[in-house]
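What follows is a short report on a single structure.
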Amino acid sequence: MSADMVAPAWMHAQITAEQYDTWSPEQCAGIEIVDGMVLVTPSASKRHNRLARILANALDLAAGPDWNADTDFDVRLQNVPLTNRRPDVVVYRADTIDVSPTRPEHVLLIVEVVSPGSETTDRVVKVDQYAKAGIAFYWRVEQAATGVPLVYTYVLDPATQAYRDAEVFTGNVKATAPFPVTVDLSTL
(Lines give C-alpha, C1' and ligand atoms only; values in the text may rest on other atoms or scores of the structure.)
Protein backbone atom coordinates (compact mmCIF):
# COMPACT_ATOMS: atom_id res chain seq x y z
CA MET A 1 0.00 0.00 0.00
CA SER A 2 1.49 3.36 -1.02
CA ALA A 3 1.37 6.56 1.02
CA ASP A 4 -0.97 8.08 -1.57
CA MET A 5 -3.55 5.39 -0.78
CA VAL A 6 -3.47 6.24 2.93
CA ALA A 7 -3.49 10.05 2.83
CA PRO A 8 -4.25 12.67 0.17
CA ALA A 9 -1.35 13.99 -1.91
CA TRP A 10 -1.49 17.45 -0.28
CA MET A 11 -0.35 15.83 2.99
CA HIS A 12 2.95 14.73 1.43
CA ALA A 13 4.27 18.08 0.22
CA GLN A 14 5.16 21.34 1.88
CA ILE A 15 2.33 23.84 1.47
CA THR A 16 2.47 27.61 1.41
CA ALA A 17 0.38 30.14 3.28
CA GLU A 18 -1.26 31.10 -0.01
CA GLN A 19 -2.31 27.49 -0.67
CA TYR A 20 -3.58 27.01 2.87
CA ASP A 21 -5.64 30.21 2.68
CA THR A 22 -7.64 28.71 -0.21
CA TRP A 23 -8.71 25.63 1.77
CA SER A 24 -12.19 25.32 3.20
CA PRO A 25 -12.83 25.38 6.97
CA GLU A 26 -13.58 21.64 6.73
CA GLN A 27 -10.12 20.97 5.26
CA CYS A 28 -8.46 23.05 8.00
CA ALA A 29 -10.31 21.47 10.94
CA GLY A 30 -8.29 19.00 12.96
CA ILE A 31 -4.92 19.87 11.44
CA GLU A 32 -1.96 22.04 12.23
CA ILE A 33 0.79 23.14 9.85
CA VAL A 34 4.39 23.05 11.06
CA ASP A 35 7.18 24.14 8.73
CA GLY A 36 4.76 23.79 5.83
CA MET A 37 3.84 20.18 6.58
CA VAL A 38 0.33 19.08 7.57
CA LEU A 39 -0.04 17.44 10.98
CA VAL A 40 -3.32 15.64 11.57
CA THR A 41 -4.41 15.73 15.18
CA PRO A 42 -6.78 13.11 16.57
CA SER A 43 -10.08 14.19 18.02
CA ALA A 44 -9.80 15.30 21.62
CA SER A 45 -11.64 13.52 24.42
CA LYS A 46 -14.82 14.92 25.93
CA ARG A 47 -12.90 15.67 29.15
CA HIS A 48 -10.25 17.57 27.17
CA ASN A 49 -12.87 19.60 25.28
CA ARG A 50 -14.84 20.34 28.47
CA LEU A 51 -11.73 21.55 30.25
CA ALA A 52 -10.82 23.83 27.33
CA ARG A 53 -14.38 25.20 27.17
CA ILE A 54 -14.52 25.89 30.94
CA LEU A 55 -11.19 27.72 30.76
CA ALA A 56 -12.23 29.68 27.66
CA ASN A 57 -15.50 30.76 29.30
CA ALA A 58 -13.75 31.86 32.53
CA LEU A 59 -11.02 33.70 30.62
CA ASP A 60 -13.56 35.38 28.35
CA LEU A 61 -15.54 36.61 31.36
CA ALA A 62 -12.42 37.84 33.18
CA ALA A 63 -10.88 39.49 30.12
CA GLY A 64 -13.40 42.30 29.83
CA PRO A 65 -14.35 44.07 26.60
CA ASP A 66 -10.82 44.40 25.19
CA TRP A 67 -10.06 40.66 24.93
CA ASN A 68 -11.90 37.56 23.69
CA ALA A 69 -11.22 33.95 24.63
CA ASP A 70 -12.17 31.23 22.16
CA THR A 71 -11.36 27.70 21.10
CA ASP A 72 -10.72 25.89 17.81
CA PHE A 73 -9.10 28.32 15.41
CA ASP A 74 -5.68 28.80 13.85
CA VAL A 75 -2.96 31.11 15.06
CA ARG A 76 -0.52 31.85 12.23
CA LEU A 77 2.91 31.85 13.86
CA GLN A 78 4.83 32.36 10.61
CA ASN A 79 4.24 32.46 6.86
CA VAL A 80 7.50 30.95 5.57
CA PRO A 81 7.66 28.12 6.18
CA LEU A 82 4.00 28.11 7.11
CA THR A 83 3.33 27.35 10.77
CA ASN A 84 -0.29 27.39 11.97
CA ARG A 85 -1.12 26.10 15.42
CA ARG A 86 -4.62 25.40 16.72
CA PRO A 87 -4.37 25.97 20.49
CA ASP A 88 -7.05 24.70 22.85
CA VAL A 89 -7.80 28.23 24.10
CA VAL A 90 -6.67 31.58 22.69
CA VAL A 91 -7.10 34.97 24.38
CA TYR A 92 -6.86 37.59 21.64
CA ARG A 93 -7.59 41.29 21.12
CA ALA A 94 -11.34 41.83 20.69
CA ASP A 95 -10.79 44.34 17.90
CA THR A 96 -9.22 41.56 15.77
CA ILE A 97 -12.23 39.20 15.85
CA ASP A 98 -12.74 39.57 12.09
CA VAL A 99 -9.04 39.55 11.18
CA SER A 100 -7.86 36.33 9.58
CA PRO A 101 -5.47 34.76 10.07
CA THR A 102 -4.98 35.48 13.76
CA ARG A 103 -1.35 36.51 14.27
CA PRO A 104 0.86 36.41 17.40
CA GLU A 105 0.57 40.18 17.82
CA HIS A 106 -3.20 39.70 18.29
CA VAL A 107 -2.71 37.10 21.04
CA LEU A 108 -2.18 37.64 24.77
CA LEU A 109 -2.47 34.08 26.12
CA ILE A 110 -2.47 30.56 24.73
CA VAL A 111 -3.68 27.56 26.71
CA GLU A 112 -2.85 23.98 25.74
CA VAL A 113 -4.55 21.03 27.43
CA VAL A 114 -2.13 18.11 27.35
CA SER A 115 -3.55 14.84 26.07
CA PRO A 116 -1.97 11.41 25.76
CA GLY A 117 0.20 11.63 22.69
CA SER A 118 0.68 15.42 22.84
CA GLU A 119 2.91 15.57 25.92
CA THR A 120 6.19 16.41 24.20
CA THR A 121 4.59 18.76 21.70
CA ASP A 122 2.70 20.74 24.39
CA ARG A 123 5.55 20.72 26.94
CA VAL A 124 8.47 21.48 24.62
CA VAL A 125 7.75 22.17 20.94
CA LYS A 126 4.76 24.51 21.19
CA VAL A 127 6.24 26.34 24.18
CA ASP A 128 9.29 27.24 22.11
CA GLN A 129 7.22 28.22 19.06
CA TYR A 130 4.85 30.45 21.04
CA ALA A 131 7.75 32.13 22.88
CA LYS A 132 9.66 32.81 19.65
CA ALA A 133 6.45 34.26 18.17
CA GLY A 134 6.28 36.71 21.11
CA ILE A 135 3.06 35.53 22.78
CA ALA A 136 3.20 37.01 26.30
CA PHE A 137 1.57 34.21 28.33
CA TYR A 138 1.32 30.43 28.00
CA TRP A 139 -0.65 28.04 30.21
CA ARG A 140 -0.21 24.27 30.06
CA VAL A 141 -2.96 22.17 31.62
CA GLU A 142 -2.09 18.64 32.71
CA GLN A 143 -4.88 16.16 33.36
CA ALA A 144 -3.40 14.56 36.48
CA ALA A 145 -4.01 10.98 37.62
CA THR A 146 -5.95 12.35 40.61
CA GLY A 147 -8.52 13.75 38.19
CA VAL A 148 -7.82 17.33 39.33
CA PRO A 149 -6.05 19.27 36.57
CA LEU A 150 -2.76 21.08 37.16
CA VAL A 151 -2.31 24.44 35.44
CA TYR A 152 1.27 25.56 34.82
CA THR A 153 1.57 29.23 33.89
CA TYR A 154 4.45 30.88 32.06
CA VAL A 155 5.39 34.49 31.28
CA LEU A 156 7.47 35.52 28.28
CA ASP A 157 10.88 37.09 28.91
CA PRO A 158 11.20 39.34 25.83
CA ALA A 159 14.98 39.60 26.21
CA THR A 160 15.52 35.84 25.84
CA GLN A 161 12.35 35.03 23.84
CA ALA A 162 11.72 32.20 26.29
CA TYR A 163 9.10 31.60 28.93
CA ARG A 164 9.90 31.71 32.62
CA ASP A 165 7.92 29.69 35.13
CA ALA A 166 5.13 31.49 36.95
CA GLU A 167 2.48 29.98 39.24
CA VAL A 168 1.17 26.40 39.31
CA PHE A 169 -2.47 25.82 40.22
CA THR A 170 -4.19 22.61 41.30
CA GLY A 171 -7.94 22.48 40.85
CA ASN A 172 -8.65 26.15 41.50
CA VAL A 173 -7.01 28.73 39.26
CA LYS A 174 -6.71 32.16 40.86
CA ALA A 175 -4.33 33.87 38.48
CA THR A 176 -3.62 37.57 38.24
CA ALA A 177 -1.69 37.50 34.98
CA PRO A 178 -2.55 38.44 32.31
CA PHE A 179 -5.66 39.65 34.18
CA PRO A 180 -7.42 38.46 37.33
CA VAL A 181 -9.27 35.20 36.69
CA THR A 182 -10.72 32.56 39.01
CA VAL A 183 -11.95 29.19 37.79
CA ASP A 184 -12.71 25.95 39.65
CA LEU A 185 -11.45 22.90 37.78
CA SER A 186 -11.64 20.53 40.72
CA THR A 187 -15.07 19.12 39.84
CA LEU A 188 -14.35 17.85 36.33
Side-chain angles (χ1 to χ4, degrees), residues 28 32-34 41 44 47-79 83-115 118-144 148-188:
C28 298
E32 292 182 316
I33 311 293
V34 177
T41 54
R47 181 173 299 279
H48 179 281
N49 289 339
R50 178 171 169 71
L51 186 51
R53 184 173 43 81
I54 288 169
L55 284 165
N57 290 344
L59 289 165
D60 197 53
L61 184 64
D66 295 333
W67 298 96
N68 294 334
D70 283 313
T71 61
D72 198 31
F73 67 90
D74 289 343
V75 175
R76 171 97 28 108
L77 300 179
Q78 63 186 36
N79 277 341
T83 299
N84 273 1
R85 286 295 189 178
R86 191 170 281 250
D88 294 309
V89 179
V90 180
V91 176
Y92 61 96
R93 289 193 348 243
D95 64 349
T96 65
I97 194 167
D98 293 320
V99 175
S100 183
T102 298
R103 302 272 184 184
E105 58 268 21
H106 306 149
V107 176
L108 178 65
L109 165 69
I110 285 186
V111 179
E112 291 286 359
V113 178
V114 178
S115 294
S118 74
E119 294 96 342
T120 301
T121 302
D122 291 341
R123 292 179 187 150
V124 179
V125 178
K126 288 182 180 181
V127 176
D128 186 55
Q129 289 174 338
Y130 296 147
K132 284 185 176 26
I135 296 169
F137 298 92
Y138 177 71
W139 291 7
R140 186 184 83 238
V141 182
E142 300 273 346
Q143 299 181 61
V148 179
L150 297 169
V151 180
Y152 297 87
T153 65
Y154 304 89
V155 178
L156 183 66
D157 178 350
T160 62
Q161 291 240 275
Y163 288 113
R164 63 176 167 75
D165 294 349
E167 298 177 87
V168 177
F169 301 96
T170 304
N172 290 309
V173 177
K174 292 185 181 178
T176 57
F179 40 74
V181 63
T182 301
V183 59
D184 182 8
L185 302 175
S186 63
T187 60
L188 289 177

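- A heavy-atom distance below 4.5 Å is found between the side chains of V141 and P149.
- Y92 and F73 have their aromatic ring centers within a separation under 6.0 angstrom.
- Of all heavy-atom pairs between I110 and P87, the closest is CG2-CB, 3.6 Å.
- The shortest heavy-atom contact between D88 and V113 is OD2-N, 2.6 Å.
- The minimum heavy-atom distance between H48 and S115, with the atom names listed, is CD2-OG, 2.8 Å.
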Would you be so kind as to tabulate the donor-acceptor pairs closer than 3.5 Å made by side chains of residues 50-67, with sequence neighbours excluded?
unit_1: N57; atom_1: ND2; unit_2: R53; atom_2: O; d: 3.4
unit_1: D60; atom_1: OD1; unit_2: A69; atom_2: N; d: 2.9

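- Between the side chains of R85 and Q129, a donor-acceptor pair is found at a separation under 3.5 Å.
- Between the side chain of E32 and the backbone N or O of R86 there is at least one donor-acceptor pair closer than 3.5 Å.
- Salt bridge absent: E112 and R140 never bring a charged side-chain N and a carboxylate O closer than 4.0 Å.
- Between the side chain of R93 and the backbone N or O of E105 there is at least one donor-acceptor pair closer than 3.5 Å.
- Dense packing is recorded around CZ of R123, with more than 12 heavy atoms of other residues, nucleotides or ligands lying under 6.0 Å away.
- Of all heavy-atom pairs between Y138 and D122, the closest is OH-O, 2.7 Å.
- Annotation for A44 and N49: closest pair CB-OD1, 3.3 Å, computed over non-hydrogen atoms.
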List the atom pairs, with distances to 0.1 Å, where a side-chain N or O of residues 164-186 and a protein N or O form a donor-acceptor pair under 3.5 Å, not counting sequence neighbours.
unit_1: D184; atom_1: OD1; unit_2: S186; atom_2: N; d: 2.9
unit_1: D184; atom_1: OD1; unit_2: S186; atom_2: OG; d: 2.5

